[in-house]
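Every chain is numbered from 1 and lettered A, B, ... according to where its sequence line falls, protein lines coming before strand lines.
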Protein chains: 2
Amino acid sequence: MNASINNIRNKIAEKGLKVTPQRMSILEAIYNLENHPTVEQIIEFIRKKHPNIATGTVYKVLDTLVSNDLVKKVKTEKDIMRYDGLIENHHHLYCVVCDHIEDYMNAELDEILKRFFEENKIDNFIIEDIKLQINGRFIIHKNVNR
Amino acid sequence: MNASINNIRNKIAEKGLKVTPQRMSILEAIYNLENHPTVEQIIEFIRKKHPNIATGTVYKVLDTLVSNDLVKKVKTEKDIMRYDGLIENHHHLYCVVCDHIEDYMNAELDEILKRFFEENKIDNFIIEDIKLQINGRFIIHKNVNR
DNA sequence: TTTTAAAAGAGAATGATTCTCATTAAAGAA
DNA sequence: TTCTTTAATGAGAATCATTCTCTTTTAAAA
């Protein structure tokens with residue numbers, strides 16, 4: 001998932017948001033960092049080119065990006081927020097060993113779930129979306145982030 | 001899900017843990033409070049009968065209960081930890097309106113998922129368990145906790 | 001180029017959780 | 001029952017991710 005500078009600029013502008021260097025580089029960071037980065041990792045990445053960005057700004061920009069559907073929040077067991085540049089509804093693989101999170105999408109699975117819950121309505125509850133948290137372990141660990 | 005005093009005592013003793021009044025009342029609180037209580041709600045409940053319990057003790061006891069499989073941690077969108085007295089593998093309904101969390105168990109669903117992932121192995125990943133986060137809204141809101 | 005509302009910066013404040021260390025108590029041994 | 005030992009609790013300080021406040025800066029429209 002990479003996006004050119006102009007691509008990133010457009011994504012921000014399309015939402016009617018002001019295009020600032022801070023917003024650009026935060027979105028760029030999320031697209032470049034694999035494994036659903038933490039705020040800390042995002043800040044570390046950005047400071048290479050933009051050493052003076054304020055922590056509060058990063059949090060504020062992330063909130064803006066999330067509420068404009070440019071980024072999603074991902075919560076882990078570990079209780080630190082992480083961010084995901086993939087916007088479409090999808091599931092997550094969580095490695096219990098190395099903390100790596102991988103996106104998982106499968107249309108057939110979503111169809112099966114949809115059908116199941118059509119046939120098995122939940123009393124007093126209207127489903128909006130379903131996310132699977134698939135816990136397990138990677139056989140070959142890729143990039144261990146922490 | 002209610003349990004008698006002796007029942008609670010046994011659950012703690014069976015794990016080889018010392019039976020303390022603090023552990024007893026925290027486990028009792030989780031069984032009695034509906035809707036996957038927060039630490040704050042657990043403390044509030046306990047202080048009625050046990051006004052001097054220390055906050056740190058509650059956190060420590062909860063960790064002990066979690067690592068001994070007497071209680072599970074549940075994380076919500078709102079990023080405050082909540083606790084669940086239901087130990088068996090199960091799914092959660094999250095109400096996006098009222099923050100109510102309800103346990104959901106369905107053996108047929110688990111079977112369908114098991115079969116799906118047997119037929120659709122994920123490259124480089126061994127699944128240990130799968131949890132559904134079913135987001136939606138209750139038609140009739142029950143006990144709104146906050 | 002000017003204007004202005006929105007965004008960013010700096011750093012203090014917040015608040016859930018963890019840590020430290022002295023005191024207390026559970027549970028097995030005597 | 002009493003003693004002993006080890007683990008648990010209490011009290012409050014410390015931590016640290018996140019939020020807030022308020023001033024300064026800047027994007028973008030006029």
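The separation between Arg47(A) atom CZ and dA8(C) atom C1' is 13 Å, rounded to whole Å. Rounded to whole Å, atom C1' of dT19(D) lies 13 Å from atom CD1 of Ile43(A). Between Asn52(A) atom CG and dA7(C) atom C1' the separation is 16 Å, expressed in whole Å.
Both Pro21(B) and Ala54(A) lie near DNA chain C, and the one whose nearest nucleotide falls closer to the 5' end is Ala54(A). Where Leu17(A) and Val19(B) meet DNA chain C, the nucleotide closest to each residue was compared, and Leu17(A) sits on the side nearer the 5' end. Ranked by how close their nearest DNA chain D nucleotide is to the 5' end, Gly56(A) and Gly56(B) are led by Gly56(B).
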- Query: How far apart are the C-alpha atoms of Arg82(A) and Gln41(A), what are their side-chain angles, what is the distance that settles it, and do they pass the side chain to side chain contact (heavy atoms under 4.5 Å, CB included) test?
  - Reply: CA-CA 9 Å; Arg82(A) 293 168 66 165; Gln41(A) 293 166 338; 5.5 Å; no
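Residue contacts for Thr20(B): at a heavy-atom cut-off of 4.0 Å it reaches the sugar-phosphate backbone alone, with no base atom in range.
When the side chains of ILVMFWY residues are joined at heavy-atom separations under 4.5 Å, either directly or via intervening members, Leu27(B) and Leu33(B) end up in a single hydrophobic cluster.
For Gln22(A), a side-chain nitrogen or oxygen approaches OP1 or OP2 of dG9(C) to under 4.0 Å. Residue Tyr59(A) has no polar side-chain atom (N or O) positioned under 4.0 Å from OP1 or OP2 of dT19(D).
The local environment of CD in Glu128(B) is crowded, with over 12 non-hydrogen atoms from other residues, nucleotides or ligands closer than 6.0 Å. Shown here is Glu44(B), whose CD atom has no more than 12 heavy atoms of other residues, nucleotides or ligands within 6.0 Å.
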